[in-house]
Amino acid sequence: MKIKTEKDRWGIIYVPRAGVTNAQKRWIQIREYLELRGVSYDYVQSEGVGSIERLTHMLIENGYRTIVLVGGDEAMNDVVNGIMFTDPEIREKVVLGLVPNGIGNDFADFWGLESDKYKQAIHAIIARNIKKIDVGYCSYSEQGTAKTRYFLMAMNLGLAARAIHLSDRCRRFGKYNPAYLFAMFSLFKERKQYKMRLRVNNEEISEKIMTVCVGNSRGYGLTPSAVPYNGWLDVSVVFRPQLMQMVKGLRMLLHSQILNHEQVKPYRTKEVEIIDAAAGAEMCLDGRFVTPSYPLSVSLEPAAINFIIPS
C-alpha cells in the first residue's frame, strides 16, 4: 500500500560512512540541524550494498519527490540508477539532493559541496536551486542478459579502475596510511597495459592501452574538462608512459592538466563503443564495479535528472 506524503517532504537515504566506528554520530548531527531548520522529512538507512537502489524506488513509489542522499559517490550511483529506472513521467517530478558523507565525494566536490560541511548542503537543498544534469550510461551483457547501468561521473576501464578499487579499500583506514601509499606506488610502477579495441567518433583504436576514462564529469581527474550539463562525454585514452612520464603525469593529474600529457589522447563525443578488452581489465562506473562482456556501448541521456546545486 502506498503512503501519501506531503508534497515537499524529503525522503532521506542515510548511508553510514565505511570504517567509522560511531556511524550514527553524523546522522544525529544532521537530524538535529534538520529539525532546527524545520525541515519535514522521513529517513531510511542503507542496509548495505544493493539496498540503496531499492530504497530509492521505495521512496519514489511512496510519493516522495525530493530524494536526499547522505552518502558518497558509490551510493550516489545507486540512487541515480534507482531514479533512472523509474517511469519517465514520475522521474520528471523527482528532485535529487546530496549531503556528502562517503569515502569518496568527487561529485560533491565538483559542485563545491564539502564533506565536513553538512549545513552548507542542507542550506542548498532548502534553497532548491535546481539544475538538469546529464546522466551517462553503459549498455552491456552480463552472463547473457542485457544490462544498462547509469553513471554521473565516469566509466573507467583498466588501470584507473584498479586504482579506484584500491583507493576505496584503503582510504577508510586513512588516505595516507603506509599500506595505501605502497600499494598505489606499486600499481603505478607496474603500468600494466591491456589489449583493447574501441571506436570513438568513427575512429577505431586497436592497441595496448593502460586505461580508458569516459567522463560525464571530471572522471577522478582523467577528464578534467567534462561537465554533466553540456550533452557531451569526454574520453581520455591513456597509453603506457615511461616511468618518468608517469611521474610527470601524476603531477599533471593533480593540477587538472592531464589532457596535455603526450601519452593521453582526448576526445569529446556522444558515444563510445568498446569492441573488446583483454581479460583482467577491470571496469567501474562511479566506483561501482561491473563484469561486462563485449562489445559494449557508453552514451548519455541529456538533462535526465533534476539535481539541487548550491546557489
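As the structure is a prediction and not an experimental result, all values here were calculated from the model.
At least one donor-acceptor pair closer than 3.5 Å links the side chain of Asn101 to the backbone N or O of Val15. Without hydrogens or angle criteria, Gln120 side chain to Pro310 main chain gives no donor-acceptor distance under 3.5 Å. With hydrogens and angles ignored, the 3.5 Å screen pairs a side-chain donor or acceptor of Asn306 with a backbone N or O of Glu92. Judged purely by atom type and a 3.5 angstrom limit, Asp286 uses its side chain to pair as donor or acceptor with the backbone of Met153. Between the Asn201 side chain and the Thr269 main chain, no donor and acceptor come within less than 3.5 Å of each other. The main-chain N or O of Glu89 is found under 3.5 Å from a side-chain atom of Asp87 such that the two form a donor-acceptor pair. Of the possible donor and acceptor atoms, none in the side chain of Asp106 sits under 3.5 Å from a partner among the backbone N and O of Tyr220. Of the possible polar contacts, one joining the Asn216 side chain to the Asp134 backbone as a donor-acceptor pair under 3.5 Å is found.
Under the 4.5 Å side-chain criterion, counting only non-hydrogen atoms from C-beta, Thr148 is not in contact with Met84. Here the side chains of Arg162 and Thr211 are not in contact, with every heavy-atom distance at 4.5 Å or above. No side-chain heavy atom of Ile30 sits less than 4.5 Å from a side-chain heavy atom of Tyr43. No side-chain heavy atom of Ile125 sits less than 4.5 Å from a side-chain heavy atom of Arg37. With a 4.5 Å cut-off on side-chain heavy atoms, Gln193 and Glu207 do not count as touching. Counting heavy atoms from C-beta on, the side chains of Pro228 and Trp111 come closer than 4.5 Å. Taking the side chain as every heavy atom from C-beta outward, Ile209 and Phe239 approach each other to under 4.5 Å. The shortest side-chain heavy-atom distance between Thr66 and Arg128 falls under the 4.5 Å cut-off.
The two residues Ala226 and Gly215 come nearest to each other via the heavy atoms CB-O, 3.7 Å. When all heavy atoms are compared, the tightest approach of Cys138 to Val298 is SG-CG2, 4.2 Å. Of all heavy-atom pairs spanning Ile126 and Val39, the tightest one is CD1-CG2, 4.0 Å. Residue Leu222 comes nearest to Ala160 through the heavy atom pair CD1-CB, 3.7 Å, listed as atom of the first residue, atom of the second, then distance. Residue Pro266 comes nearest to Leu259 through the heavy atom pair CB-CD2, 3.9 Å, listed as atom of the first residue, atom of the second, then distance. Heavy-atom minimum distance, Leu113 versus Leu98: CD1-O, 4.0 Å.
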#### Entry: side chain to side chain contact (heavy atoms under 4.5 Å, CB included) between Gln45 and Tyr14, worked out
CA-CA 5 Å; Gln45 182 169 318; Tyr14 175 62; 3.7 Å; yes
task: List the steps and the verdict of side chain to side chain contact (heavy atoms under 4.5 Å, CB included) for Glu271 and Arg199.
output: CA-CA 9 Å; Glu271 184 178 13; Arg199 186 176 292 114; over 6 Å; no
- Could you go through the side chain to side chain donor-acceptor pair (under 3.5 Å) check for Ser236 and Thr223 one step at a time? CA-CA 6 Å; Ser236 291; Thr223 52; 5.8 Å; no
field: Verdict with reasoning, Leu296 to Met283, per side chain to side chain contact (heavy atoms under 4.5 Å, CB included)
entry: CA-CA 12 Å; Leu296 62 82; Met283 175 176 161; 3.9 Å; yes
Requested in this report: Report the C-alpha separation of Arg65 and Ile90 in whole Å, then their side-chain angles, then the decisive distance to 0.1 Å, and conclude whether the side chain to side chain contact (heavy atoms under 4.5 Å, CB included) test is met.
Outcome: CA-CA 9 Å; Arg65 293 298 175 260; Ile90 297 175; 3.6 Å; yes
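Counting heavy atoms of neighbouring residues, nucleotides and ligands inside a 6.0 Å radius, atom NZ of Lys119 does not exceed 12 of them. The environment of Lys195 atom NZ is dense: over 12 non-hydrogen atoms of other residues, nucleotides or ligands sit within 6.0 angstrom. Taking a 6.0 Å sphere around NZ of Lys270, one finds it holds more than 12 heavy atoms contributed by other residues, nucleotides or ligands.
A search for ring-ring contact (aromatic ring centres under 6.0 Å, His included) contacts involving Tyr41 returns nothing, not counting sequence neighbours. For Arg197, the salt bridge (charged side-chain N to carboxylate O under 4.0 Å, His left out) criterion is met by Glu204, not counting sequence neighbours.
Note that the CG atom of Leu285 and the CD atom of Glu74 stand 11.0 Å from one another [nearest 0.5 Å]. One distance of note links CG of Leu34 with CD1 of Ile122; it measures 4.5 Å at 0.5 Å rounding. The OG1 atom of Thr291 lies 7.0 Å from the OH atom of Tyr140; values are rounded to the nearest 0.5 Å. The distance from the CD1 atom of Ile13 to the CG atom of Leu69 is 6.5 Å, given to the nearest 0.5 Å. We find the CD1-CD1 distance between Ile67 and Ile308 to be 10.5 Å, quoted to the nearest 0.5 Å. Atom CD1 in Ile275 sits 11.5 Å away from atom OG in Ser297 (nearest 0.5 Å).
The aromatic rings of Phe110 and Phe107 sit parallel, their planes meeting at an angle under 30°, below the 60° perpendicular limit. Classified by interplanar angle (parallel below 30°, tilted 30° to 60°, perpendicular above 60°), the ring pair Tyr33/Tyr118 is perpendicular.
Side-chain contact of Asp234 with Ser225: a donor-acceptor pair under 3.5 Å is absent, judged by distance alone. Side-chain N/O atoms of Asn77 and Asn81 include a donor and acceptor closer than 3.5 Å.
Under the 4.5 Å side-chain heavy-atom criterion for ILVMFWY residues, no single connected hydrophobic cluster contains both Leu152 and Trp232. One hydrophobic cluster, built from ILVMFWY side chains closer than 4.5 Å, cannot hold both Leu36 and Ile28; they sit in different ones.
Look at Arg149 and Asp78 and you find a salt bridge, because one of the NZ, NE, NH1 or NH2 atoms lies within 4.0 Å of a carboxylate O, short of that distance. Looking at Arg288 and Glu53, no side-chain N of the basic residue comes within less than 4.0 Å of a carboxylate O on the acidic one, giving no salt bridge. The residues Arg9 and Asp42 are annotated as salt-bridged, a charged nitrogen and a carboxylate oxygen being separated by less than 4.0 angstrom. A salt bridge does not link Glu61 with Arg54: none of the charged nitrogens is closer than 4.0 Å to a carboxylate oxygen.
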